[in-house]
Amino acid sequence: MKNNHDLLHIGTKLLNWYYQNARDLPFRKTKDPYKIWICEIVFQQTRILQGLNHYNRFVERFPDVKTLAEASEDEVLLYWKGLGYYSRAINIHKAAKQIISDYNGIFPSQYEEILKLKGIGKYTAAAVSSICFKGKMPAVDGNFYRVLSRIFADDFDVSSSRAFAYFSELSYRIMPNNVGDFNQAMMDLGSEICKPRNPLCGDCPLNEDCIAFSLQKTSQFPVKTKKIKSENLNLQYFFVHREEQFLIQQRKDDFIWKKLFEFPTAIPEVLQQFSKGCKTFQHKLTHKNLSIDIYDVEVTSNEIWDHFVSEHDYLVTDLESSVNRSFPKPLENYIQNLLKD
DNA sequence: AAAGCGGGGAG
DNA sequence: CTCCCAGCTTT
């Protein structure tokens, strides 16, 4: 069994590898806590390649806390369009207002204060405080679970609610003094070398220290018992349009697609005569298999259209200006297809 | 302690 | 097809 001195050497090796192999990412060039915060939220449960454009566009439009806090929630959601987990955008906006009101517009530097911001949990608070303010907390994420469970061949269930505390404790054994770089090094190692499947152990700076590798059992770690189950769900939408205009409404902030815009989900009998047909789309979410029926309702009567619009609180928009609103992916695809014609 | 929340990419 | 990704909030 290795003693504590040997284990600390692992962190040093990891840092040296990181200084030679760090990924060239836009947010690596700054220690602005605002930018680091935004990037941490964008990349929660999101691959770098998937979120990079969203991150760049977001910080270009909202370069600081004040700009973000003064923007409308709908515009923040627009810049989140297509990224998923939309409560992240809503919480980012709330936290920006929180920083203005509670911290005089200055991003807090202490872990405990950062943790109070909406949408920031233990991982993000540790990441921002260590990268920007020399904080000493490990930013334990999925990469930490995977790398540490392999190094120590530890079968602790990463789907357990105690996994964060457990692997946080484990990380202190190898964590060097430069925690900010260590946290980012663990992310890069987990992403580039110690990948979920087919890890590149031959290129790993820690392969001499990795128990799972020495046992040829890297594929058995990390242990995750909880399986994802998804249910089937039918949705019904009505694309109610006349000439270039169509109707939309905004979703609530519960259930899926929080605060995003959508087509009407029901129409009165007087409009049913205009229904020209229906297309069905399959769309997969992490916990749901959606089957979405979209009815094409072309209202040809000016009188009925005007009356219906005035009697309901639907928003009237058109294909051109709808690009300035955030729609769920399947509805976005539907609109994009119409734009191509 | 457990469930719920998007979308995309890899194998 | 299944699994996973720079996790957090709510119940």
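Quick note: numbers below take in every heavy atom, side chains included, and nothing from hydrogens, waters or symmetry partners.
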Open item on the list: Give the residues of residues 116-131 of chain A touching DNA chain C, defined as any heavy atom closer than 4.0 Å, sorted by residue number.
Closed with: A/Lys118, A/Gly119, A/Ile120, A/Gly121, A/Lys122, A/Tyr123, A/Thr124

Open item on the list: Counting neighbours of CG on A/Asn337 that are heavy atoms of other residues, nucleotides or ligands and sit closer than 6.0 Å, is the number greater than 12?
Closed with: yes

Every protein N/O within reach of nucleotides 1-3 of chain B N/O, cut-off under 3.5 Å:
unit_1	atom_1	unit_2	atom_2	d
B/dA1	OP2	A/Ser161	OG	3.1

Base, sugar-phosphate, or nothing: which does [X] touch, judged by heavy atoms less than 4.0 Å apart?
X        : answer
A/Asn183 : nothing
A/Tyr86  : sugar-phosphate
A/Arg23  : base
A/Ser87  : nothing

Is [X] salt-bridged to [Y], going by a charged N under 4.0 Å from an acidic O?
X        : Y        : result
A/Lys259 : A/Asp74  : no
A/Lys116 : A/Glu113 : yes
A/Asp296 : A/Lys276 : yes
A/Arg242 : A/Glu298 : no

TODO: Please work out which of the three classes, parallel, tilted or perpendicular, describes the rings of A/Trp37 and A/Tyr34, given edges at 30° and 60°.
DONE: perpendicular

Task: Near-ring test A/Tyr55/A/Phe27, centroid separation under 6.0 angstrom - done: yes

Open item on the list: Checking A/Arg23 now: which residues fulfil salt bridge (charged side-chain N to carboxylate O under 4.0 Å, His left out) with it, not counting sequence neighbours?
Closed with: A/Asp188, A/Glu192

Open item on the list: Show me the pairs that pass salt bridge (Lys or Arg N to Asp or Glu O under 4.0 Å) and involve residues 89-102 of chain A, at least two apart or across chains.
Closed with: none

Looking only at atom [atom1], what distance separates [N] and [M], rounded to whole Å?
N     : M      : atom1 : answer
C/dC4 : B/dC5  : C1'   : 15 Å
B/dG7 : C/dT10 : C1'   : 22 Å
C/dA6 : B/dG11 : P     : 14 Å
B/dG6 : C/dT11 : P     : 15 Å
C/dT9 : B/dG8  : P     : 24 Å

- [ ] Please assess A/Phe144 against A/Phe167 for the test ring pair (Phe, Tyr, Trp, His ring centres under 6.0 Å), listing each intermediate value before the final yes or no.
- [x] CA-CA 7 Å; A/Phe144 273 64; A/Phe167 286 100; 9.3 Å; no

Protein and nucleotides 8-11 of chain B: nitrogen or oxygen contacts under 3.5 angstrom:
unit_1	atom_1	unit_2	atom_2	d
B/dG8	OP1	A/Lys329	NZ	3.2
B/dG8	O4'	A/Gln50	NE2	3.3
B/dG8	N2	A/Arg47	NE	3.1
B/dG8	N2	A/Arg47	NH2	3.4
B/dA10	N3	A/Arg197	NH2	3.3

Task: Residue whose closest nucleotide on DNA chain C lies nearer the 5' end, A/Asn91 versus A/Ile48 - done: A/Ile48

Task: A/Leu206 vs A/Arg150 side-chain heavy atoms within contact, under 4.5 Å - done: no

TODO: For A/Lys284 and B/dC5, give me the distance from atom NZ to atom C1', rounded to whole Å.
DONE: 15 Å

Open item on the list: Just the rounded figure in Å: distance from C1' of B/dC5 to CG of A/Leu77.
Closed with: 14 Å

Task: Cluster check A/Phe246, A/Val297: I/L/V/M/F/W/Y, side chain < 4.5 angstrom - done: no

TODO: Take A/Phe238 and A/Phe263 through the test ring pair (Phe, Tyr, Trp, His ring centres under 6.0 Å) and record every step on the way to the result.
DONE: CA-CA 6 Å; A/Phe238 295 88; A/Phe263 305 147; over 10 Å; no

Task: Positional range of nucleotides in DNA chain C within the contact set of chain A, heavy-atom, under 4.0 Å - done: C/dC1 to C/dT10

Task: Backbone of A/Leu77 reached by a side-chain donor or acceptor of A/Ser326 within 3.5 Å - done: yes

